[in-house]
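Inspection log for the structure reproduced underneath, given as structure tokens.
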Amino acid sequence: MKAAHYIVRFAVLVLLGVSAAFAQGIVDGTVRDGHGAVVPNGSVSLEREEGKTTLSAKTDAEGKFRFTALEAGGYTLKVDADGYYPSSVQFVLRARQPLSLSVDVDRKETVRERVEVQAKYLTIDPEKTGSSYVFTRQDLER
């Protein structure tokens, strides 16, 4: 009788464990830049609403990532890749409902511009002794 009792307990525990495993969710997705190109080797981290980092991964050569066996609840997905500004997405994961995300990151770019000014005529009278000069509209138009 005791052996049957232990077998029943074991079976209930196994069923509870299996049902808990099926209640977990999956989050996958792709990281792309502003032009639609994939971003490989980016760092992806998944945080619970409480701010605790749950999991981290790297994007593959196709910019894809995947997290499995996640509990339902609120999450923040953070993406950080070399040469790109960090990005984050907040979402709520429902039990047994896989979620696929597309995360866009903006490339860090340096803007360089060269401005060259040439003057053909002297706008300041060298005979004036003052240390400042106020340009008039006529001076600027000439």
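Since the model is a prediction, treat every value here as computed from it, not as a measurement. Along the sequence shown, residues are numbered consecutively beginning with 1.
Under the rule for a salt bridge (charged side-chain N to carboxylate O under 4.0 Å, His left out), Lys58 has no partner lying at least two apart in sequence or in another chain. Judged as a salt bridge (charged side-chain N to carboxylate O under 4.0 Å, His left out), and not counting sequence neighbours, Arg107 has no contacts. By the salt bridge (charged side-chain N to carboxylate O under 4.0 Å, His left out) test, Asp106 is found to be paired with no residue, residues two or more places apart in sequence or in another chain being considered. Looking at residues two or more places apart in sequence or on another chain, you find a salt bridge (charged side-chain N to carboxylate O under 4.0 Å, His left out) between Arg48 and Glu50.
Taking all atoms of both residues into account, the shortest heavy-atom contact from Arg66 to Ile26 is NH2-CD1, 3.5 Å. The two residues Ala81 and Gly42 come nearest to each other via the heavy atoms CB-CA, 3.9 Å. Heavy atoms only, all atoms of each residue included: Asp80 and Pro86 are closest at OD1-CG, 4.0 Å.
Using a 4.5 Å cut-off between side-chain heavy atoms of Ile, Leu, Val, Met, Phe, Trp and Tyr, with links allowed through other members, Val27 and Val38 fall into different hydrophobic clusters.
Remark: Phe67 CZ to Leu99 CG distance equals 12.0 Å, nearest 0.5 Å. Once rounded to the nearest 0.5 Å, the distance linking CG of Leu77 with CG of Leu93 reads 11.5 Å. Rounding to the nearest 0.5 angstrom, the gap separating the CG atom in Leu70 from the CG atom in Leu55 is 6.0 Å.
Two residues are said to be in side-chain contact when any heavy atoms from C-beta on lie closer than 4.5 Å; Val31 and Val105 meet this criterion. Val115 is listed as a side-chain neighbour of Glu113, based on a closest heavy-atom distance under 4.5 Å. Within the 4.5 Å cutoff, the side chain of Val44 has no heavy atoms near those of the Lys78 side chain. No side-chain heavy atom of Val79 sits less than 4.5 Å from a side-chain heavy atom of Val89.
With hydrogens and angles ignored, the 3.5 Å screen pairs no side-chain donor or acceptor of Thr76 with any backbone N or O of Gln90. For the pair Thr59 (side chain) and Phe65 (backbone), a donor-acceptor distance under 3.5 Å is absent.
Applying the ring pair (Phe, Tyr, Trp, His ring centres under 6.0 Å) definition to pairs two or more places apart or across chains, those involving residues 76-96 are Tyr75-Phe91. Applying the side-chain hydrogen bond (donor to acceptor under 3.5 Å, both in side chains) rule to pairs touching residues 27-36 yields Asp28-Ser100, sequence neighbours excluded.
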